[in-house]
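Note that ligands are numbered from 1 as they come in the structure, with each ligand's atoms numbered from 1 the same way.
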Amino acid sequence: MQAAGIPVRHFDRIDSTNAEARRLAEQGERGPVWLWADEQTGGRGRMGRSWVSEPGNLYATFLFAISADPGIAAQVSFVAALAVHDMVTALQPAAQPSIKWPNDVLIGGAKFCGVLPEVVGANPTRIAIGCGVNVAHAPHGTPYPVTCLGAAIPVESVLQELSLSLSKRLKIWDEGRGFPAIREAWGARALGLGGAVTATVGAKEIHGIFTGLAADGALILTAADGTVSHIHSGEVKFAALEALRRKTQ
Ligand code: BTN
């Protein structure tokens with residue numbers, strides 16, 4: 001089968017489609033190819049978390065090669081988040097999704113999709129973009145609010161639409177040459193840009209305004225005294241998100 005012209009390898013059950021992408025890259029696979037599983041037994045999320053992967057949701061990884069060096073790969077997070085945003089807007093025009101830095105896509109302040117981009121091969125650089133989309137159900141016991149698209153949408157339609165939107169956004173990105181356009185489109189959909197944020201870096205909390213996105217994907221935080229910090233990872237709390245969640249509760 002194919003999704004928007006990209007070959008798809010389907011698995012009834014697998015440990016993790018990102019792990020499979022790494023194995024294939026090690027064997028020389030360059031893609032582009034989608035790896036799609038109905039169920040994962042070892043689904044992985046960001047920050048070392050696991051990703052509950054029961055049947056009914058989409059678990060898919062897009063594996064592809066680039067000629068640019070792997071340093072550019074951090075930008076793919078934003079390309080993928082935009083593609084998920086496009087996908088849900090096409091499938092559910094009333095959804096009004098927003099993107100929470102770096103790549104969570106939310107509806108009404110609740111997460112329905114997670115993206116895990118990884119560099120899985122060198123010479124040429126191979127990138128795996130793992131996407132988990134809550135279609136029929138949302139997991140229980142997550143440390144953040146979650147939602148799903150609804151069982152009325154077939155999982156395969158989500159993959160088809162995602163493949164289409166990802167191909168379009170990757171073309172615009174053009175291995176980094178089009179990053180300014182990606183950053184602008186991402187910024188127009190980002191939650192809390194221009195608003196108050198608190199970042200926890202180690203044992204320290206930094207308060208300020210979310211003033212932009214750096215070329216390496218860092219969140220730019222400007223404190224009241226003018227100090228500029230680039231946040232690369234860790235917990236970031238957005239005042240706009242807290243307000244949105246209070247409104248939708
Ligand atoms: C996140 O924590 O937000 C990222 C979750 C990414 C989950 C997807 S499901 C398909 C692919 N395979 C994995 O093991 N993880 C990603």
Next on the checklist: Considering both backbone and side-chain atoms of Tyr59, is one of its nitrogen or oxygen atoms within less than 3.5 Å of a nitrogen or oxygen in ligand 1?
Outcome noted: no

Item to check | Contact check, Gln40 vs ligand 1, heavy-atom distance below 4.0 Å | outcome: yes

Checklist entry - Relative to the ring of Trp186, is the ring of Phe210 parallel (under 30°), tilted (30 to 60°) or perpendicular (over 60°)? => result perpendicular

Checklist entry - Looking at Glu118 and Arg44, does any basic side-chain N land under 4.0 Å from a carboxylate oxygen? => result yes

Item to check | Distance filter under 4.0 Å to Asn18 heavy atoms, resulting ligand 1 atoms | outcome: 11 (C), 12 (N), 16 (C)

Checklist entry - At under 4.0 Å between heavy atoms, which part of Cys131 makes contact with ligand 1: side chain, backbone, both or neither? => result backbone

Next on the checklist: Only heavy atoms of Gly43, strictly under 4.0 Å: list the atoms of ligand 1 that pass.
Outcome noted: 14 (O)

Checklist entry - Under a 4.0 Å heavy-atom limit, does Lys111 contact ligand 1 with its side chain, its backbone, both, or neither? => result side chain

Checklist entry - Should you measure from each heavy atom of Thr17, which atoms of ligand 1 turn up under 4.0 Å away? => result 10 (C), 11 (C), 12 (N)

Checklist entry - Between the side chains of Ser163 and Trp34, is a donor N or O closer than 3.5 angstrom to an acceptor N or O? => result yes

Next on the checklist: Does any N or O of ligand 1 fall below 3.5 Å from an N or O anywhere on Trp51, backbone included?
Outcome noted: no

Could you tabulate the donor-acceptor pairs under 3.5 Å formed by side-chain atoms of residues 227-238, not counting sequence neighbours?
residue, atom, partner, partner atom, Å
Thr227, OG1, Asp225, OD1, 2.6
Thr227, OG1, Asp225, OD2, 3.1
His232, NE2, Asp216, OD2, 2.9

Item to check | Residues that Trp173 engages under side-chain hydrogen bond (donor to acceptor under 3.5 Å, both in side chains), provided they are two or more places apart | outcome: Gln75

Item to check | side-chain contact (heavy atoms from CB on, under 4.5 Å) between Asp12 and Glu39, worked out | outcome: CA-CA 6 Å; Asp12 294 337; Glu39 189 181 353; over 6 Å; no

Item to check | Closest approach of Glu175 to Ile72 (non-hydrogen atoms, all atoms of both residues) | outcome: O-CG1, 3.9 Å

Checklist entry - If you count the atoms of ligand 1 from 1 in the order shown, which ones are under 4.0 Å from a heavy atom of Arg46? => result 1 (C), 2 (O), 4 (C)

Next on the checklist: I need the contact type for Ala60 against ligand 1. Using non-hydrogen atoms and a strict under-4.0 Å cut-off, is it side chain, backbone, both or neither?
Outcome noted: backbone

Next on the checklist: Which of the numbered atoms in ligand 1 are under 4.0 angstrom from any heavy atom belonging to Ser16?
Outcome noted: 12 (N), 13 (C), 14 (O)

Checklist entry - Between Thr61 and ligand 1, which part of the residue brings a heavy atom under 4.0 Å of the ligand: side chain, backbone, both or neither? => result side chain

